[in-house]
Amino acid sequence: MIIYNTLKRQKERFIHLEPGKVRMYVCGITAYDFCHIGHARSCVVFDVLVRYLRFLGFKVLFVRNFTDVDDKIIKKAQEEGLSSMEVAEKYIQAFYEDMGALNILRADIEPRATEHIQEMVRLTAKLLEKGYAYVTSKGDIYFRVRKISGYGQLSGRNIEELQAGTRIALDEDKEDQLDFALWKAAKPGETSWDSPWGAGRPGWHLECSAMSEKYLGIPFDIHGGGQDLAFPHHENERAQSKAAFDGEFVKYWVHNGFVRVNAEKMSKSLGNFVTIRDILAAYHGEVLRFFLLTNHYRSPLDFSDTALQEAEKALKKIYWTKSALEKELEKHEGTRGEQFSEAREEFQELTEKWNQAMQDDLNTAQALGYVFGLVRLANRMLDIKSFRKNEPGKTLMHDMLDALKKWGEVLGVFLSPGPAFLEQLKIMRCRRQNIDPQAINKMVQKRQEARKEKNFEAADRIRQELAELGIEVMDTPDGPVWDFA
RNA sequence: GGCGGCAUAGCCAAGUGGUAAGGCAGCGGUCUGCAAAACCGCCAUUCUCCGGUUCAAAUCCGGAUGCCGCCUCCA
């Protein structure tokens, strides 16, 4: 597999550190609000990465943390009249609900910052001991950025540029404005923990250094997160870990691109974010997941309602074909006959190409292109009566369905039985458009009665009425089926 | 101010040296009582613009324009 390494600024062949195993850490959320689509993207991207590595046969140990102590959580706690623990718990539960709807697998280990205070205290002590950190008069502890070599490599900037461009308010307490906090002395009323330097709490970057070392060891294979974490979070994390554990910290740094709204980054600070639960009220979670997979993970992705509707259409098309295959395979035994070797060959080619796309820096957009290739091939073959009825045809249909399932397990989509999923989409769509499905059923039934009486004029009148609602009726051998156009 | 990214058809989008995947929409055909779905065919001589390198460039280099991001919490 080839993966883009932010540290090297290029795609690299993925060579794992330990035979057959991959150790991977991804920065999770700070639990102080509902997750938005940006969080969804990050989770989907790394979920697919884990699933694909497992598909390739690696034993993956995947750690994703929760930041449950932080300024923003403390602020939220004050606003909501809760403890910061309660705030964090509330939003961690919401995270599980939302990500569950997106079919995100749980990480193997999901550590929380507050459960690792001792590890962080020890790490801070170690950095002090090694001379990489210092205590200020206020009792805060800072990391000496200039002391560590290679600072700025990850985010692609040098120390002098950083200083020139700094917009942070000057802090007289720091030896150097670049230094960042490892430990913050507690202010009155704040949640705090005891330490050799008095009551306080850890700085944000510290938890990932402490927890990744604890659960994965140093160095480990992959560290992931959103692009906005590259600086300062990952840069600082890397500095700390390198200083504390001597040497290489992470082999591959992987960062996903942003979700944008009207060409602007979706973010908390801009306030232009759409939460996952907002989307789930109107769309199936799989539609959102599918949409996120239609762009390469490192490109910016523009979110819009239109884009979501298109994703829904595309997904519907795939599920239609899946349903058709499922239904056909339920039918009678096949007969001997033609081998359909050309179709077989085309199918195998698609399988190879799908894998190549995924191998090449997780190109899910391209991989989805081959899914549509499979859909087209399946539909073309399903049109042929002799194919449907013969044994080699059935085997191929079975294999195509199997491929769809296998790919679906990696991408985290196409996993529901076709008809049930299509029904769910229809229900979501009705809800979105305020349409009562029962009323539609009645109209369709009336039309069918008219048709039986060969009263095509009446039947067409009902078709027209339905069309005005955006609904099409399909007359199939098994009776009429309606859906949105 | 510093650093980085992006620009592909009406829309979305893949594509880092070998002659433009895929989806949506549109057009023609098959099928159909009429339709829909599905299938077949058509739909970018061209990848923001201007130069350069090369037998060969959407892809590499230089420049211009536009948009975005990071440098402050942010997935």
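Proteins get letters first, then strands, A, B, ... in listed order; numbering begins at 1 in each.
Using atom C1' as the reference point in both B/C24 and B/A37, the two lie 16 Å apart (nearest Å). Rounded to whole Å, the C1' atom of B/A58 lies 16 Å from the corresponding atom of B/C50. When the P atom is used for both B/G41 and B/C49, the distance is 31 Å, rounded to whole Å. Taking atom C1' on both B/C60 and B/G18, the two are 14 Å apart, rounded to the nearest angstrom. Taking atom P on both nucleotides, B/U48 is separated from B/U54 by 23 Å, rounded to a whole Å. Atom P of B/A25 sits at a distance of 23 Å from the matching atom of B/C31, rounded to the whole Å. Using atom P as the reference point in both B/A38 and B/G22, the two lie 16 Å apart (nearest Å). Separation of the C1' atoms belonging to B/C71 and B/G62 is 27 Å when rounded to the nearest angstrom.
Residue side chain A/Arg41 does not reach the base of B/A75 through any donor-acceptor N/O pair under 3.5 Å, judged by distance alone. Remark: the A/Arg380 side chain and the B/C39 base include no donor-acceptor N/O pair separated by less than 3.5 Å. Judged by atom type and distance alone, A/Gln366 does not reach the base of B/G15 through any side-chain donor-acceptor pair under 3.5 Å. The base of B/G33 sits within donor-acceptor range of the side chain of A/Asp460, with an N or O pair under 3.5 Å. Between the side chain of A/Asp70 and the base of B/C73, no donor-acceptor pair of N or O atoms lies under 3.5 Å. In the interface, the side chain of A/Arg157 is not paired with the base of B/G4 through any donor and acceptor atom under 3.5 Å apart.
Considering CG of A/Asn103 and CG of A/Leu288, their distance stands at 12.0 Å, rounded to 0.5 Å. Between A/Asp47 atom CG and A/Arg41 atom CZ the span is 14.5 Å, to the nearest 0.5 Å.
Each of A/Asn256, A/Asp361, A/Asn363 was scored for a side-chain hydrogen bond (donor to acceptor under 3.5 Å, both in side chains) with A/Tyr297, with one residue passing: A/Asp361.
Taking a pair to require two hydrogen-bonding distances under 3.5 Å in either a Watson-Crick or a G-U wobble arrangement, B/G28 pairs with B/C40. In this structure, B/G1 and B/C71 make a Watson-Crick or G-U wobble pair, each of the two defining distances being under 3.5 angstrom. The partner of B/U16 is absent, by the rule that a Watson-Crick or G-U pair needs both atom distances under 3.5 Å. Pair assignment for B/U45: none, as no Watson-Crick or G-U wobble contacts are both less than 3.5 Å. Searching all strands for a Watson-Crick or G-U wobble partner of B/A21 with both distances below 3.5 Å returns nothing. Nucleotide B/C60: paired with B/G52 (Watson-Crick or G-U wobble, both distances less than 3.5 Å).
Ion pair A/Glu449/A/Lys446 not flagged as a salt bridge, since none of the NZ, NE, NH1 or NH2 atoms sits closer than 4.0 Å to an Asp/Glu carboxylate oxygen.
When heavy atoms are screened at a 4.0 angstrom cut-off, A/Arg298 is found touching no nucleic acid atom at all. As judged by a 4.0 angstrom heavy-atom cut-off over every strand, A/Tyr370 is placed among residues making no nucleic acid contact. Residue contacts shown for A/Gly38 include a base, since a base heavy atom lies under 4.0 Å away. When heavy atoms are screened at a 4.0 angstrom cut-off, A/Asn256 is found touching base atoms of the nucleic acid. In this structure, A/Gly224 reaches neither bases nor backbone, as no heavy-atom distance under 4.0 Å exists between it and the strands shown. At the heavy-atom level, A/Val259 lies under 4.0 Å from base atoms of the strands shown. No contact: A/Thr306 has no heavy atom under 4.0 Å from any strand. Among the atoms of the strands shown, none is found under 4.0 Å from any heavy atom of A/His233. A/Ala307 comes within 4.0 angstrom of no nucleic acid atom, judged by non-hydrogen atoms across all strands.
In the set B/A38, B/G33, B/C12, B/A38 carries the atom at the smallest distance from any side-chain atom of A/Asp383. Listed candidates were B/C34, B/G15, B/C24. Nearest to the side chain of A/Lys317 is B/C24. Taking only side-chain atoms of A/Arg447, from C-beta outward, the nucleotide of B/C34, B/A75, B/C70 with the closest atom is B/C34. Taking every side-chain heavy atom of A/Glu310 into account, B/C24 is the closest of B/C40, B/A75, B/C24. Set against B/C39, B/C68, B/C12, the side chain of A/Arg260 has B/C68 as its closest nucleotide. Nearest nucleotide to the side chain of A/Glu472, out of B/A35, B/C71, B/C24: B/A35. Side-chain proximity of A/Pro232 to the nucleotides B/G22, B/C73, B/C24 is greatest for B/C73. Looking at the side chain of A/Lys11, the nearest of the listed nucleotides B/U16, B/C73, B/C24 is B/U16. Residue A/Asp228 places its side chain closer to B/A75 than to any other of B/G23, B/A75, B/G33. When distances run from any side-chain atom of A/Met474 to the nucleotides B/A37, B/C70, B/C34, the shortest one goes to B/A37.
The separation between A/Glu349 atom CD and B/A21 atom P is 14 Å, rounded to whole Å. Rounded to whole angstrom, the span from the CZ atom of A/Arg9 across to the P atom of B/G69 amounts to 19 Å. The CD1-C1' distance, from A/Ile462 to B/A35, rounds to 14 Å in whole Å. Regarding A/Trp482, its CH2 atom lies at a distance of 16 Å from the P atom of B/A37, rounded to whole Å. Atom CD in A/Glu264 sits roughly 12 Å away from atom P in B/C67 (whole-Å rounding). Atoms CG (A/Asp302) and C1' (B/C6) sit 11 Å apart, rounded to a whole Å. Straight-line distance from the CZ atom of A/Phe303 to the P atom of B/C68: 19 Å, rounded to whole Å. Nucleotide B/A37 holds its P atom 10 Å from the NZ atom of A/Lys313, rounded to whole Å.
Where A/Phe291 and A/Lys265 meet RNA chain B, the nucleotide closest to each residue was compared, and A/Phe291 sits on the side nearer the 5' end. Toward the 5' end of RNA chain B, the nearer of the two residues A/Val473 and A/His205, judged by each one's closest nucleotide, is A/Val473.
In this structure a side-chain-to-backbone donor-acceptor pair under 3.5 Å is missing from A/Ser42 to A/Gly38. Without hydrogens or angle criteria, A/Glu207 side chain to A/Arg112 main chain gives no donor-acceptor distance under 3.5 Å.
Geometric assessment of A/Arg298 against the ring of A/Tyr4 yields a positive cation-pi assignment under the 6.0 Å and 45° thresholds. Annotation: cation-pi geometry satisfied between A/Lys268 and A/Phe273 (NZ/CZ under 6.0 angstrom from ring centroid, within 45° of ring axis).
In this structure, the aromatic ring of A/Phe456 is positioned over the six-membered ring of the base of B/G33, centres within 5.5 Å and planes within 30°.
For B/C39, one of the phosphate oxygens OP1 or OP2 lies less than 4.0 angstrom from a side-chain nitrogen or oxygen of A/Asn379.
Taking all atoms of both residues into account, the shortest heavy-atom contact from A/Leu401 to A/Lys322 is CD1-CG, 3.8 Å. Looking at every heavy atom in both residues, A/Cys27 comes nearest to A/His234 through SG-NE2, 3.3 Å.
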